[in-house]
Amino acid sequence: MNIQAWDEVHGAKSQENLQAFLESQTDSYAILQLKRTDETTNDRFMNDTWLAKQGREPEVDHYAVVYTGRLPAGTSLDELYMKFNIDHPADYTGHSLSVSDIVALKQAGVVTCYYVDSIGFRELPHFHPENHLKNAEMAMEDDYSMLDGILNNGRKEAVNEERSSVLEKLKNMPESEIPMKPVKHREERGLE
């Protein structure tokens, strides 16, 4: 599969999955896998030791969310690992959960992320998938209580500025100063 096709198939779906995961009101999980780009080719299926030797950490922008689901109480990372290796959900489109993948858990509203390593998992305290649309809106919005998917839709409270009415200005203006629109004759308006 070429890079363009991967982005066409997973790009928009990944953002939808991420948004669903981050906005979930229940405990949930997300499976993140490296995007298929030239930049991530050498990172695919590499363990934590290899990354450390490179002086690097996993980067959020290199990953796509390939699956999200509700996290049943008491489910462990090992159980998720088994599920995504032995008994894939029917709608799962990623590869079997492997080294270099990331499992994100949302429990009681707190998101934690774990790197799938050669043996076990390593918590990634600085890896935080974010809803980029929400971030863009927060940067543009006048009122943070108006985060609703519409950029800069105005302030919640009415602005207490006195605005003078154009009609009032025209009423108070001397007749000699009122701008008049020139009257066009029938021929000039294109009517016969």
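What you see is a predicted model, and the numbers here were worked out from it, not measured in a lab.
Other residues, nucleotides and ligands place more than 12 heavy atoms under 6.0 Å from the CD atom of Q54. Within 6.0 Å of CD in E123 there are more than 12 heavy atoms belonging to other residues, nucleotides or ligands.
Of all heavy-atom pairs spanning L105 and F21, the tightest one is C-CZ, 3.9 Å. In this structure, A108 and D27 approach most closely via the heavy-atom pair N-OD1, 2.9 Å. Considering every non-hydrogen atom in both C113 and A104, the closest pair reads SG-CB, 3.9 Å. Across L97 and N85, no two heavy atoms sit closer than the pair O-ND2, 3.0 Å. What you find for P58 and R122 is that their closest heavy atoms are CD-NH2, 4.0 Å. Looking at every heavy atom in both residues, D48 comes nearest to D117 through N-OD1, 2.9 Å.
Distance check: I31 CD1 to T93 OG1 gives 11.5 Å after rounding to the nearest 0.5 Å. To the nearest 0.5 Å, atom CG of residue L22 and atom NZ of residue K106 are 6.5 Å apart. Remark: S24 OG to Q19 CD distance equals 12.0 Å, nearest 0.5 Å. Atom CH2 of W50 sits about 10.0 Å away from atom OG of S100, to the nearest 0.5 Å. We find the OH-CG distance between Y63 and L18 to be 14.5 Å, quoted to the nearest 0.5 Å. One distance of note links CG of L77 with CZ of F121; it measures 5.0 Å at 0.5 Å rounding.
A donor-acceptor pair is defined here as one N or O able to donate and one able to accept, closer than 3.5 Å; no such pair exists between the side chain of Q33 and the backbone of G94. The main-chain N or O of E57 is never found under 3.5 Å from a side-chain atom of E59 such that the two would form a donor-acceptor pair. A distance-only check finds a donor-acceptor pair linking the side chain of T40 to the backbone of K35 [under 3.5 Å]. Remark: side-chain polar atoms of R44 are paired, donor with acceptor, to backbone N or O of L34 under 3.5 angstrom.
In terms of hydrophobic clustering, with Ile, Leu, Val, Met, Phe, Trp and Tyr side chains grouped at heavy-atom distances under 4.5 Å, Y114 and V99 are assigned to different clusters. In terms of hydrophobic clustering, with Ile, Leu, Val, Met, Phe, Trp and Tyr side chains grouped at heavy-atom distances under 4.5 Å, V60 and V65 are assigned to a common cluster.
With a 4.5 Å cut-off on side-chain heavy atoms, Y67 and H88 do not count as touching. In this structure, the side chains of D101 and V66 stay at 4.5 Å or more apart for every pair of heavy atoms. Looking at heavy atoms from C-beta onward, F127 lies out of side-chain contact with Y115 at the 4.5 angstrom threshold.
Of the N and O atoms on the side chains of S96 and S98, not one donor lies less than 3.5 Å from an acceptor on the other residue.
A search for ring pair (Phe, Tyr, Trp, His ring centres under 6.0 Å) contacts involving Y29 returns F84, not counting sequence neighbours.
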So Y92 and K83, side-chain contact (heavy atoms from CB on, under 4.5 Å) or not? Walk me through it. CA-CA 11 Å; Y92 180 64; K83 176 178 183 171; over 6 Å; no

